[in-house]
Amino acid sequence: MDMAICSHTSLSTSNPYISPRIVNYAANRKSFSFSSSSFKFKKPFFGCTPPLCFSTKASFSLGSRIPLQKSIKCSVSQAETTTDKRAQLTRRNDVRNIAIVAHVDHGKTTLVDAMLKQAKVFRDNQFVQERIMDSNDLERERGITILSKNTSITFNDTKINIIDTPGHSDFGGEVERILNMVEGVLLVVDSVEGPMPQTRFVLKKALEFGHAVIVVVNKIDRPSARPDYVVNSTFELFIELNASDEQCDFQVIYASGIKGKAGLSPENLADDLGPLFESILRCIPGPRIDRDGALQMLATNIEYDEHKGRIAIGRLHAGILCRGMDVRICTSEDECRFGRVRELFVYEKFSRVPAEIVEAGDICAVCGIDDIQIGETIADKSSGKPLPSIQVEEPTVKMAFSINTSPFVGREGKYVTSRNIRDRLYRELERNLAMKVEDGETADTFIVSGRGTLHITILIENMRREGYEFMVGPPKVINKKVNDKLLEPYEISTVEVREEYMGPVVELLGKRRGQMFDMQGVGSEGTVLLKYKIPTRGLLGLRNAILTASRGTAILHTIFDGYGSWAGDITTRDQGSLVAFEDGTSTSYALASSQERGHLFIGPGVDVYKGQVVGIHQRPGDLSLNVCKKKAATNVRSNKEQTVVLDTPLDYSLDDCIEYIQEDELVEVTPKSIRMCKNPKFAKKSGGRS
């Protein structure tokens with residue numbers, strides 16, 4: 001009998017996108033065997049029962065794709081029983097808690113926008129801006145999600161709590177915390193790029209929690225979309241991360257977030273996101289709760305309101321929480337204190353709504369406990385026990401924060417003392433679990449450790465906008481010693497670059513001790529995808545160098561991989577700095593001769609001080625310049641005024657300055673200005689004076 005196989009992936013040896021590992025995987029698991037005349041089912045194929053996965057009405061074709069029908073049940077939801085007898089936990093079927101996770105710029109927030117609009121969260125005549133979940137000014141300016149945010153919609157009388165998460169690897173701590181609140185994730189993957197470094201990270205965490213996964217192939221309307229390759233690559237990623245049979249049998253939804261369409265096949269999209277909503281209800285299980293047990297709620301996130309104070313956000317694991325209830329706040333079995341829930345909120349549509357009572361399984365916000373911290377448990381006053389605390393990965397990069405010691409201190413900032421800076425940094429630790437703060441060598445220095453340079457840069461930018469004035473040193477990696485052997489952090493770097501610029505980029509990464517392990521073409525856009533394993537030290541200052549080498553066309557993504565042997569010395573900058581050697585105001589006359597020495601950061605009429613970095617030297621070593629020199633005034637009248645033509649100064653952002661500085665330099669951060677200067681504690685490595 002000839003039969004056709006229907007699964008989420010096409011197990012075709014003739015398909016150019018299929019990986020041989022997938023075929024080998026299926027064969028090794030012995031999910032099915034066949035002879036020339038018939039099939040013999042040994043056990044369910046990838047978790048599906050044979051009647052759902054096989055059809056006897058078509059000829060046998062391993063390469064053909066049969067779209068999934070709406071009646072198919074996900075094996076994840078089939079495998080989940082209504083009652084877990086061992087733990088006496090029940091499923092709540094009127095609620096779904098999901099997180100939307102993806103690599104940066106794969107369309108998570110845009111997809112959430114479409115889901116909110118189609119769920120009638122907003123009025124028809126209401127103005128709604130793009131990426132409404134990115135409510136932070138800094139998020140809108142940079143076009144990235146930095147903080148996770150909650151919202152909810154209602155579909156077919158079922159409440160769906162949605163959590164939008166950051167896509168950048170530096171904010172992975174946000175994702176790790178959020179996964180404690182949900183039972184399933186929507187893994188959004190770009191229809192051209194496929195799984196990227198952050199995709200691997202968030203999927204690994206979701207699988208470790210045992211969550212159900214729905215794969216959403218987004219941006220399916222792109223001209224160079226390659227859905228077969230993306231689905232097969234994602235399936236292979238599941239196998240590499242040791243996913244279970246049920247998790248490997250993931251539901252695939254093809255969508256265009258910007259158009260608000262989704263479907264079960266790339267060629268046949270519905271007019272709305274209905275197939276996506278139906279898949280969420282079918283494939284994501286409801287929360288497993290202990291309805292009659294003692295109250296337990298893990299504080300997963302913290303927000304602050306001027307009127308309500310600290311607001312703890314989390315999912316209620318057991319029991320019932322009421323407004324005005326006396327509770328116990330537990331850090332561990334031995335450390336408990338008491339408090340009262342003053343106000344209680346649940347998420348409905350795009351806002352927090354006051355509630356008198358919340359049942360187990362729902363996500364809520366609690367006010368009234370002023371000293372609550374992330375990872376603490378709100379438990380029953382008499383018999384409550386703490387839940388396991390939240391564990392996040394260790395930071396890999398550190399920077400030194402210190403008070404501003406420049407002559408311009410206090411001109412623009414409101415908070416300038418070490419006490420102000422210390423209080424602000426330790427306050428950041430209350431909601432940013434992936435960050436650490438330690439006291440430095442002196443009383444006015446603090447060491448801040450984070451997941452990456454961007455992680456710490458966002459903190460610096462927020463402090464700057466709040467009126468703080470301080471100095472920061474260059475980023476340094478956090479090394480480890482194991483058995484007297486020095487280890488340093490390594491990262492997986494993915495560079496997407498046009499073919500004509502591949503040579504300079506490969507040379508640049510080679511100089512920084514990067515080792516290439518994969519190279520492939522991407523679609524028909526003439527770009528090449530390079531994958532490297534590179535020390536974190538080699539990534540410091542790399543982004544600007546790659547943009548210069550590729551004429552601004554390359555895209556760099558990184559993700560922490562692990563610790564490895566010390567790679568040796570790495571030179572990150574070949575050129576020195578141009579340094580002002582006296583206080584004053586820059587003049588056109590002085591800058592005209594100074595610009596012959598390199599590229600300047602300043603124009604005429606700018607106040608500078610001794611030791612300030614005013615440009616990039618065209619040779620190795622620093623060079624001191626007089627950028628305040630004025631033309632000598634004489635009583636001899638010239639017949640013709642000399643015209644001075646100045647080059648446009650380089651405009652460096654905060655990120656650029658932090659990438660540029662070296663060991664003996666600092667970045668001065670004020671609310672209105674960003675300057676670089678030489679660190680007076682280091683001996684000068686000057687190349688001369690002009």
Side-chain angles (χ1 to χ4, degrees), residues 103-105 167-170 172 190 192-201 233 237 396-397 450-457 474-479 486-523 525-576 616 620 652-653 655-663:
H103 186 78
V104 64
D105 201 30
H168 201 286
S169 58
D170 284 25
D190 190 283
V192 176
E193 295 180 355
M196 297 291 279
Q198 183 68 359
T199 311
R200 182 187 185 93
F201 172 78
S233 299
L237 185 59
T396 58
V397 175
R451 284 285 186 87
T453 308
L454 180 63
H455 189 198
I456 305 177
T457 303
K476 301 177 183 177
V477 299
I478 300 174
N479 299 320
L486 184 62
L487 304 179
E488 65 173 333
Y490 279 77
E491 303 200 21
I492 300 296
S493 300
T494 304
V495 185
E496 188 177 335
V497 62
R498 291 171 60 178
E499 206 167 340
E500 56 263 36
Y501 302 125
M502 188 175 69
V505 170
V506 169
E507 182 182 0
L508 188 63
L509 289 164
K511 288 181 178 178
R512 293 173 178 252
R513 307 284 181 174
Q515 296 179 347
M516 183 192 297
F517 64 87
D518 189 19
M519 179 176 69
Q520 54 183 278
V522 180
E525 299 174 356
T527 57
V528 178
L529 202 66
L530 306 173
K531 294 186 179 181
Y532 277 80
K533 184 175 181 180
I534 185 172
T536 304
R537 284 183 301 132
L539 293 174
L540 303 179
L542 179 62
R543 198 172 299 274
N544 273 337
I546 280 188
L547 288 175
T548 302
S550 63
R551 304 295 189 270
T553 60
I555 301 173
L556 173 67
H557 298 297
T558 62
I559 186 75
F560 176 71
D561 182 55
Y563 277 82
S565 302
W566 179 262
D569 294 332
I570 297 176
T571 303
T572 57
R573 199 178 88 192
D574 298 327
Q575 298 169 311
I616 303 174
Y652 267 24
S653 65
D655 303 71
D656 297 331
C657 291
I658 289 176
E659 279 196 358
Y660 174 80
I661 60 173
Q662 290 194 318
E663 185 70 23

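Below, each value reflects all heavy atoms present in this structure, side chains not excepted, and no hydrogens, waters or symmetry copies.
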>> Exactly one of M519, E496, Q520 should register a side chain to side chain contact (heavy atoms under 4.5 Å, CB included) with L530. Which one does?
In response: M519

> Rounded to the nearest 0.5 Å, how far apart are CD1 of I478 and OG1 of T536?
Replying inline: 10.0 Å

> Got a donor-acceptor contact below 3.5 angstrom from the T396 side chain to the R451 backbone?
Replying inline: yes

>> Could you measure the distance from the CD1 atom of I546 to the OG atom of S493? Nearest 0.5 Å is fine.
In response: 7.5 Å

> Which distance, rounded to the nearest 0.5 Å, do you find between the CD1 of I559 and the OG1 of T494?
Replying inline: 9.5 Å

> Going from CG on D561 to CD1 on I534, what distance comes out if it is rounded to the nearest 0.5 angstrom?
Replying inline: 12.5 Å

>> Out of the candidates M196, K533, R200, only one should pair with I492 under the side chain to side chain contact (heavy atoms under 4.5 Å, CB included) rule; please name it.
In response: K533

Taking only distance into account, with no hydrogens and no angle test, what donor-acceptor pairs under 3.5 Å do side-chain atoms of residues 505-515 form with protein atoms, sequence neighbours excluded?
unit_1	atom_1	unit_2	atom_2	d
R512	NH1	G538	O	2.9
R512	NH1	L540	O	3.0
R512	NH2	T572	O	3.1
R513	NE	D569	O	3.3
R513	NH2	D569	O	3.2

> Nearest 0.5 Å, what's the CG-CG distance between L542 and L547?
Replying inline: 9.0 Å

>> I need the minimum non-hydrogen distance between V397 and G452, along with the two atoms involved.
In response: CG2-CA, 4.1 Å

>> Keeping Y490 on the side-chain end and S565 on the backbone end, is there a donor-acceptor pair under 3.5 Å?
In response: yes

>> Distance check, rounded to the nearest 0.5 Å: F560 atom CZ versus E491 atom CD?
In response: 7.5 Å

>> Minimum heavy-atom separation for T453 and T457, please, with both atom names.
In response: O-OG1, 2.7 Å

> So, does S233 use its side chain to make a donor-acceptor pair with the main chain of P195 at under 3.5 Å?
Replying inline: no

>> Suppose the criterion is salt bridge (charged side-chain N to carboxylate O under 4.0 Å, His left out): which pairs have a residue in residues 534-553, not counting sequence neighbours?
In response: E488-R537

>> Quick check: do P535 and I570 have side-chain heavy atoms less than 4.5 Å from each other?
In response: yes

